[in-house]
Trainee: 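So that we are looking at the same thing, I have put the structure below in C-alpha cells.
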Amino acid sequence: MSPSADQPVKKIQAIRGMNDLLPDASPRWQFLEARVRDLMARYGFAEIRTPIVEQTALFARSIGEVTDIVEKEMYTFDDRNGDSLTLRPEGTASCVRAAMQHGLLHNQTQRLWYQGPMFRHERPQKGRYRQFHQVGVETYGLDGPDIDAEVILLSARLWQELGLAEHVTLELNSLGSAEARAAYRDTLTAYFEQHGEVLDDDSRRRLTTNPLRILDSKNPEMAEVIAGAPQLIDHLDEASREHFERLKALLEAAGIGYVVNPRLVRGLDYYSRTVFEWTTDALGSQGTICAGGRYDGLVEQLGGKPTPAVGFAMGIERLVLLLETLDLVPAEALGGCDAYLVPMDDASTPEALALAESLRTALPGLNLTLHCGGGSFKSRMKKADKSGAPLAILLGEDERADQAVTLKFLRDDREQQRVAQSGLADTLASLTEHPRHNT
Ligand code: ATP
Ligand code: MG
C-alpha cells in the first residue's frame, strides 16, 4: 500500500541504545583512536580483527552461563540454517577463538589488541549503550606478574598521555586459582544463606549456580550484605598469593598507585588471579573506563592447550565522555578547515580545481575545501564563512587574467591581499603553519 496524505510515512529511527557518530563528534573519537593505535605499536602489540558475529556457544562457554551478559544481555538469533549466532558482547572470547583456530598459541607468545563495536542488551543511559565500542589487549603464553604489570603500565601511560592520570584510580584484586575459588564458594554460599531474607531474586538464584556473581550485584539494597561477606583475598592459594604480591611490588616499583578492592570480582566467569579496573568519579555511576585481568583457564576451557592469558578492555564511549567532560581534547585534534577556495564564477571552476589539487600536493597538512555547487557570489561567500575557515581564496576572471588569487581574511580585520598563484603555497604555509612538502 502506498502512503497517503492522512497516513504520513513513519520515519525510521536508529535502534535504542545504538548511536550514530555525527561529524561534530567524530574528531574526538579519531583523536582517541589515533593515540591508542600509536600506543599499541610502541608496546609491541599487534592488531587482530575478528568478525562481529560468532556462534552463540563461544560466549556461553567462555563468559559463563550464569552471568548478566549470557543470561540477559546477548543479541542472539538464528541464522537461516538454524545455527544460533550472537553479536559479540565482548572481545576476549573471539580473540581466543581466532588465536586457537589459526595456531597463534602454538609454542609462541602473543600480544594482541583489537577495537570495535560490542553489543549488549542493557538499559541505555549515559555511559551505557546497546552498541558500544571497546579497545582491548590480550596476551597469551605469559604467566608471570611482569606481563600483568606491563598491560597495566600500558593503560596507565594512555591516561597519562591523555591528561587523565589524576582523574582515575586503579583497583586491584586477585581471584586465586580455580580450586581456591571453589573452596571459597562454599564459604560464601554459607554466608549468603544466613542472609537469605535480604537477597534479591537474581542473587537467590545465583546462590546455587554461581554465588561469586552475587558480589558483582549493582543492587544498592544488597550493598550492605555484600560488604560484610567473607573475602576471597583471605582464601587465596599460596601460588596466587605470591603472584599477587609480586605484581603489587612491580607496580610500586613503577610508581603506579593502586587500591586493593577485595570485592572486585568482575562480571565474567573466565578470570583467575589478577583482576583490575580503572575507575573515575567524573562520570557518575558509569565510572569504570577499563577493566581486565588474567584468564589462565579459558583457552583450555575452549578446547585448547593450557595457556596463560591476561588482558583488558576499555570503553571508548566512556573515555570520550571523560575527555569531553574534562575538556582534554586539544583544539588541533578537532581539525577544521584551514582555507575555503571559491571560484567566483562557473568559468573559473576548472582552474580552481587544478589550483586546489596543486595546493594539496604542496601542503599535505592543509585542510582545504573547494566550493562546489555554484550559486551567487554572495552565497559562495556565505558558505566560505560557514566552513569555519579563517581564510577564503578567491579566483575570478581578474585573478585568472593575472595568474593570481585574492586572499580574504574571514576572522580578522585585515585587508584582503592579491597573491601570485606561483607563490600561494608559500604564503599559505606561513599563514597556516603547515610545512611544505619537500620536493
Ligand atoms: P559495568 O560494570 O559498567 O557493566 P562490565 O564489567 O560489564 O562493566 P566489561 O565487560 O569489563 O564491563 O567491559 C569493559 C569496559 O567496557 C567497561 O569498563 C566499560 O568501560 C565498557 N562497557 C561495558 N559495557 C558497556 C556498555 N553497555 N556501554 C558502554 N560501555 C560499556
Ligand atoms: Mg556490565
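All values below were derived from every heavy atom in this structure, side-chain atoms included, with hydrogens, water molecules and symmetry-related copies excluded. In listed order, ligands and their atoms are each counted from 1. One is the number of the first residue; the rest follow in order along the sequence.
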Trainee: Of the backbone atoms (N, CA, C, O) and the side-chain heavy atoms from C-beta on, which set of R130 has a member under 4.0 Å from an atom of ligand 1: side chain, backbone, both, or neither?
Mentor: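 Looking at R130 and ligand 1, no heavy atom falls under 4.0 Å.
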Trainee: Spell out, as yes or no, whether a donor-acceptor pair under 3.5 Å connects the side chain of R263 to the backbone of L215.
Mentor: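 Flag not set: sc R263 to bb L215 has no pair under 3.5 Å.
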Trainee: Relative to the heavy atoms of Q134, which atoms of ligand 1 are at a distance of less than 4.0 Å?
Mentor: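 The atoms of ligand 1 under 4.0 Å from a heavy atom of Q134 are 13 (O), 14 (C), 15 (C), 16 (O).
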Trainee: For G311 versus Y295, what's the shortest heavy-atom pair and its separation?
Mentor: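 Closest approach of G311 to Y295: N-CE2, 3.8 Å.
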Trainee: Just so I know, are the side chains of I393 and L407 near enough to count as touching, which here means a heavy-atom distance under 4.5 Å?
Mentor: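 They are in contact (side-chain heavy atoms under 4.5 Å apart), so the answer is yes.
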Trainee: Would D385 and R411 pass as an ion pair if we require N to O under 4.0 Å?
Mentor: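 Looking at D385 and R411, the cut-off is met.
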Trainee: For ligand 1, which atoms, with element, lie under 4.0 Å from some heavy atom of K218?
Mentor: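 Those of ligand 1 that fall under 4.0 Å from K218 are 1 (P), 2 (O), 4 (O).
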Trainee: Do any nitrogen or oxygen atoms of T288 lie less than 3.5 angstrom from nitrogen or oxygen atoms of ligand 1?
Mentor: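 Looking only at distances, the answer is yes, because the N/O contact criterion of under 3.5 Å is met.
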Trainee: My understanding is that only one of E317, E73, E122 makes a salt bridge (charged side-chain N to carboxylate O under 4.0 Å, His left out) with R128; could you say which?
Mentor: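 Of E317, E73, E122, salt bridge (charged side-chain N to carboxylate O under 4.0 Å, His left out) with R128 is met by E122 alone.
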Trainee: What protein heavy atom sits nearest atom 27 (N) of ligand 1, and how far away is it?
Mentor: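 Answer for atom 27 (N) of ligand 1: E122 OE2, 2.6 Å.
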Trainee: Check each of E73, H121, R120, E90 against atom 12 (O) of ligand 1 and report the one with the nearest heavy atom.
Mentor: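 Looking at heavy atoms only, the winner is R120.
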Trainee: Quick test: of every protein heavy atom, which one is nearest to atom 11 (O) of ligand 1, and how far off is it to 0.1 Å?
Mentor: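 Result for atom 11 (O) of ligand 1: R266 NH2, 2.3 Å.
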Trainee: Contact between F312 and V137 at the side-chain level, heavy atoms closer than 4.5 Å - yes or no?
Mentor: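 They are in side-chain contact.
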Trainee: At a non-hydrogen distance cut-off of under 4.0 Å, which region of I289 contacts ligand 1 (side chain, backbone, both, or neither)?
Mentor: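 The backbone, only.
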Trainee: Given E161 and R35, is the salt bridge (charged side-chain N to carboxylate O under 4.0 Å, His left out) satisfied, shown in steps?
Mentor: CA-CA 8 Å; E161 293 184 355; R35 290 301 184 87; 5.2 Å; no
Trainee: What do you reckon, is CZ of R157 surrounded by more than 12 foreign heavy atoms closer than 6.0 Å?
Mentor: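 At most 12 heavy atoms, drawn from other residues, nucleotides or ligands, come within 6.0 Å of this atom.
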Trainee: Suppose we measure from atom 21 (C) of ligand 1 to each protein heavy atom; which comes out shortest, and what is that distance?
Mentor: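 Nearest neighbour among protein heavy atoms for atom 21 (C) of ligand 1, to 0.1 Å: G315 CA, 3.6 Å.
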Trainee: Have a look at Q286, R128, M314 and point out the one with the heavy atom closest to atom 1 (P) of ligand 1.
Mentor: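 Ranked by closest heavy atom to atom 1 (P) of ligand 1, first place is R128.
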Trainee: How close does the nearest protein non-hydrogen atom get to atom 23 (C) of ligand 1, and which residue and atom is it?
Mentor: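 Sorting protein heavy atoms by distance from atom 23 (C) of ligand 1 puts F132 CE1, 3.6 Å first.
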Trainee: Within ligand 1, which atoms have a heavy atom of A313 less than 4.0 Å away?
Mentor: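 Contacts of ligand 1 toward A313, numbered from 1: 14 (C), 15 (C).
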Trainee: What protein heavy atom is closest to atom 28 (N) of ligand 1, reported as residue, atom name and distance in Å?
Mentor: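 Answer, as residue, atom name and distance: Y129 N, 3.0 Å.
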Trainee: Considering only heavy atoms of A291, which atoms of ligand 1 have at least one such atom less than 4.0 Å away?
Mentor: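 Counting atoms of ligand 1 from 1, those under 4.0 Å from A291 are 11 (O).
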Trainee: Looking only at distances, can you tell me whether any N or O atom of R318, backbone or side chain, sits closer than 3.5 Å to an N or O atom of ligand 1?
Mentor: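 Among all N and O atoms of R318, at least one is under 3.5 Å from an N or O of ligand 1.
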Trainee: Can you find a protein heavy atom closer to atom 7 (O) of ligand 1 than 4.0 Å?
Mentor: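 Under the 4.0 Å cut-off, atom 7 (O) of ligand 1 does have protein heavy-atom neighbours.
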